[in-house]
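Below: the structure, in structure tokens.
Computed from a predicted structure; not experimentally measured. A, B, ... follow the sequence lines: proteins, then strands. Residue 1 opens every chain. Reckoned from all heavy atoms, side chains included, excluding hydrogens, waters and symmetry mates.
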Amino acid sequence: MDLRPLVLLAALTACDRSTAGGVPASIRYPDHVAAGGNQPPAGDITNPLKPDSTNAADGAKIFSAMNCDGCHGGGALGWVGPSLVDGRWRYGGTDGALFQSVFYGRPRGMPAYGGILSPSAIWKIVSYIRAQPIPVTVPTESFK
Amino acid sequence: MRAFSAAPFVFVLSLVQGTPQRDDGQWTMPARDYAATRYSGLAQITPRTAPRLRPVWSFSTGVLGGHEGQPLVVGSTMYVVTPFPDVLYAFDLTGEGYPLKWKYRPEVNPTALGIACCDAINRGAVYADGKIIYNLLDGHTVAVDAVSGREVWKTQIGDMSQGETTPMAPFVAGNRVIVGPSGGEFGIWGWVKGLDLATGKIMWTAHNMGPDSSMLARPGRGRYSGEANIGVSSWEGDSWRRGGAPVWGWISYDPQLGLIYFGTGNPGPYNTEQRPGENKWTNSVLARRPSDGVLMWAYQFTPHDSWDFDSNAEMILADIMVGGRMRKVLVHFDKNGFAYTLDRVTGEVLVAEPFANLNWAKGINKRTGLPIVDTTKTTGASRGNVRGICPSLEGGKSPASPAAYSPRTGLFYTATNNLCMNFEAAPTTRIAGTPYIGATTPYVIGPGGYGGAFIAWDAARGRPVWKIEEKFPVWSGSVVTAGDVVFYGTLDGWFKAADARSGKVLWKFKVGSGVVGAPISYRGPDGKQYIAVYAGIGGDWFLLSGDVRSDDPADVRPPADFVPDLARHTSQGGIVWIFGL
């Protein structure tokens with residue numbers, strides 16, 4: 001039986017505390033970030049945090065502190081990992097989809113941070129990403 | 001194979017002993033020979049005939065991503081390894097249109113895509129003992145039967161959970177397959193391993209730092225002059241355990257001396273203040289015995305690296321006159337912008353001169369071997385944003401773009417970059433399996449306004465002989481031939497032939513995508529000389545070129561800031577080209 005949705009729900013309702021005890025065993029790993037690619041639970045979830053600049057600024061700090069910028073680039077403009085500020089999404093761009101991408105990871109190289117970050121911290125990353133403006137030049141790049 | 005008319009080889013005097021004096025027309029290892037010369041003894045293509053070169057064949061690999069490295073030609077078969085997912089193709093060069101003999105599709109864990117720092121590249125295969133041997137990105141080495149395409153053995157060599165991936169080209173010395181990992185940006189504990197050629201079994205593992213027992217170092221024995229456990233004492237605390245020193249470049253071998261030579265990469269993290277000390281043996285050349293891995297000597301090009309100056313570039317072995325004496329040398333173009341000519345028996349620095357614009361050091365003290373560092377260019381989290389450092393961390397030359405050496409001209413030929421950078425370091429935390437970097441490093445085009453150049457270098461005197469400036473950094477490998485023609489490619493997708501003596505461009509062709517691979521020359525079954533090269537921009541240039549990967553609808557990027565025009569001329573691709581007369 002897959003307990004992940006229940007575990008996730010429990011984690012969300014306790015979003016200000018560490019979730020170390022509530023994270024699925026397949027993701028908990030004390031020494032390194034687990035490979036991504038676990039199927040996230042179905043259903044939508046919404047960001048419990050207010051979409052304000054404080055949460056976004058906190059999220060920017062976490063984005064850097066957790067080495068997210070090492071793959072997605074400074075400002076999340078894209079590096080070895082895809083751009084997160086082009087308004088385009090491989091796995092969906094809703095709050096819930098972004099949360100699940102960070103928590104569970106994704107198959108082509110996105111690690112699962114659910115084992116080492118609290119849901120609250122992940123929601124702050126989501127707040128940061130969602131606060132970024134989409135460049136007006138997308139989708140046409142003009143060479144002059 | 002048809003015998004080659006051998007007249008030009010009478011004059012070939014200075015090839016390293018043990019390398020074939022006659023060119024058999026094949027290309028069986030990454031740099032063609034043990035000495036890593038990338039010199040082809042074929043001479044049908046000359047400065048006179050090169051303008052008549054034409055494409056005779058091309059093949060889409062079906063893979064995007066940086067097509068670094070080079071094909072192999074063994075007998076009448078060409079072997080091509082793609083970037084992830086590391087497909088191996090075997091083409092029948094005797095058939096009309098060079099049809100596939102077989103295609104090998106390994107299982108490769110896609111998690112590797114998030115652990116390879118700089119695009120999912122592969123630097124090629126090596127042929128030995130009837131097997132094609134290469135590395136998969138996810139930390140495995142495979143050996144495939146060269147005739148049937150069947151897998152002979154597969155060995156896990158790297159640990160992705162610790163940030164190790166394996167795009168380098170293996171090297172075979174005797175009955176050892178030598179391999180190493182990438183991960184200088186992931187806090188790995190760098191190593192090389194020697195695998196048994198027949199079975200793939202790991203026979204020895206030698207770390208590049210740490211206790212002598214882990215480094216297989218025996219201070220005071222042989223030529224190795226390091227202090228006891230210098231791989232620990234030149235670091236603070238246990239920072240060596242996550243200190244980088246990856247081995248992702250090229251390996252060379254002197255069978256007479258019984259030594260392999262390879263460079264190690266940067267110390268991690270980039271923030272120097274998290275790893276006080278000289279950080280040995282990062283950014284170094286190491287000479288080891290291939291049979292058991294024992295460290296015989298080492299020399300560090302950039303102690304306590306402040307700039308990500310990996311030393312993974314090839315060590316080309318040649319016997320040349322230096323200061324009036326014939327010397328057994330090793331020539332190395334470092335990312336730090338200096339070209340070094342070392343005595344490969346002892347590690348002594350004979351020549352060390354800039355081949356690219358640089359300002360981080362005033363020079364190299366040849367007696368001590370130490371750089372004379374301009375401390376205003378030293379970086380670290382407490383030093384804020386240090387501006388105007390040349391070269392950039394792309395290197396005066398990339399190790400990914402190997403140089404060539406012609407014993408006929410006595411010159412070395414290499415791609416170069418002309419970039420400078422600002423370097424703002426910051427404290428960073430190692431979370432195994434994620435990047436461990438700690439710096440922001442934007443680039444600008446260097447003095448002179450050109451992005452790079454292809455140059456000919458006199459390693460005995462330490463000076464350039466000629467230079468072809470290019471608008472963009474030059475990131476391809478090269479091959480030089482007995483016809484005195486040298487080949488290279490550009491990021492905007494031109495493949496060029498130049499006169500090896502004068503640097504005059506003789507011919508060029510637009511190959512469909514930027515060139516980050518290394519050309520080869522071989523003799524086809526029809527007895528004719530051919531040149532083969534990959535097109536397919538990528539590697540660092542996937543990260544730096546702006547919107548050049550168009551197959552992902554969910555990844556659209558702004559133009560690159562310092563080369564905004566590059567994406568006007570290239571997108572990613574993956575094409576094997578063959579050119580002939």
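Side-chain atoms of B:His569 and A:Phe143, non-hydrogen and from C-beta on, never get closer than 4.5 Å to each other.
Residues B:Leu113 and A:Val80 approach most closely at O-CG2, 4.3 Å, considering heavy atoms.
B:Ala567 touches chain A through backbone and side chain together, each having a heavy atom under 4.5 Å away. At a 4.5 Å heavy-atom cutoff, B:Thr440 makes no contact with chain A through either its backbone or its side chain. With a threshold of 4.5 angstrom between heavy atoms, A:Pro107 approaches chain B through N, CA, C or O but not through any side-chain atom.
Taking a 6.0 Å sphere around NZ of B:Lys510, one finds it holds more than 12 heavy atoms contributed by other residues, nucleotides or ligands.
Atoms CG and CD1, on A:Leu117 and B:Ile431 in that order, are 7.5 Å from each other to the nearest 0.5 Å. To the nearest 0.5 Å, the span separating SG on A:Cys71 from CD1 on B:Ile437 amounts to 7.5 Å.
Between the side chain of A:Asn67 and the backbone N or O of B:Pro435, at least one donor-acceptor pair lies under 3.5 Å.
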Given side-chain contact (heavy atoms from CB on, under 4.5 Å), test A:Met66 with B:Thr434 step by step and report yes or no. CA-CA 8 Å; A:Met66 299 313 291; B:Thr434 72; over 6 Å; no
Could you pull out every donor-acceptor pair under 3.5 Å between side chains of residues 550-559 of chain B and any protein atom, sequence neighbours left out?
unit_1: B:Asp552; atom_1: OD1; unit_2: B:Ala554; atom_2: N; d: 2.8
unit_1: B:Asp552; atom_1: OD2; unit_2: A:Arg90; atom_2: NE; d: 2.7
unit_1: B:Asp552; atom_1: OD2; unit_2: A:Arg90; atom_2: NH2; d: 2.7
unit_1: B:Asp555; atom_1: OD1; unit_2: A:Ser83; atom_2: N; d: 2.9
unit_1: B:Asp555; atom_1: OD1; unit_2: B:Arg557; atom_2: NE; d: 3.1
unit_1: B:Asp555; atom_1: OD2; unit_2: B:Arg557; atom_2: NE; d: 3.3
unit_1: B:Asp555; atom_1: OD2; unit_2: B:Arg557; atom_2: NH2; d: 2.9
unit_1: B:Arg557; atom_1: NH1; unit_2: A:Trp79; atom_2: O; d: 2.7
unit_1: B:Arg557; atom_1: NH2; unit_2: A:Trp79; atom_2: O; d: 2.8
unit_1: B:Arg557; atom_1: NH2; unit_2: A:Gly81; atom_2: O; d: 3.0

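Contact count against chain B (heavy-atom pairs under 4.5 Å) is highest for A:Pro82 among A:Pro82, A:Gly87, A:Gly93.
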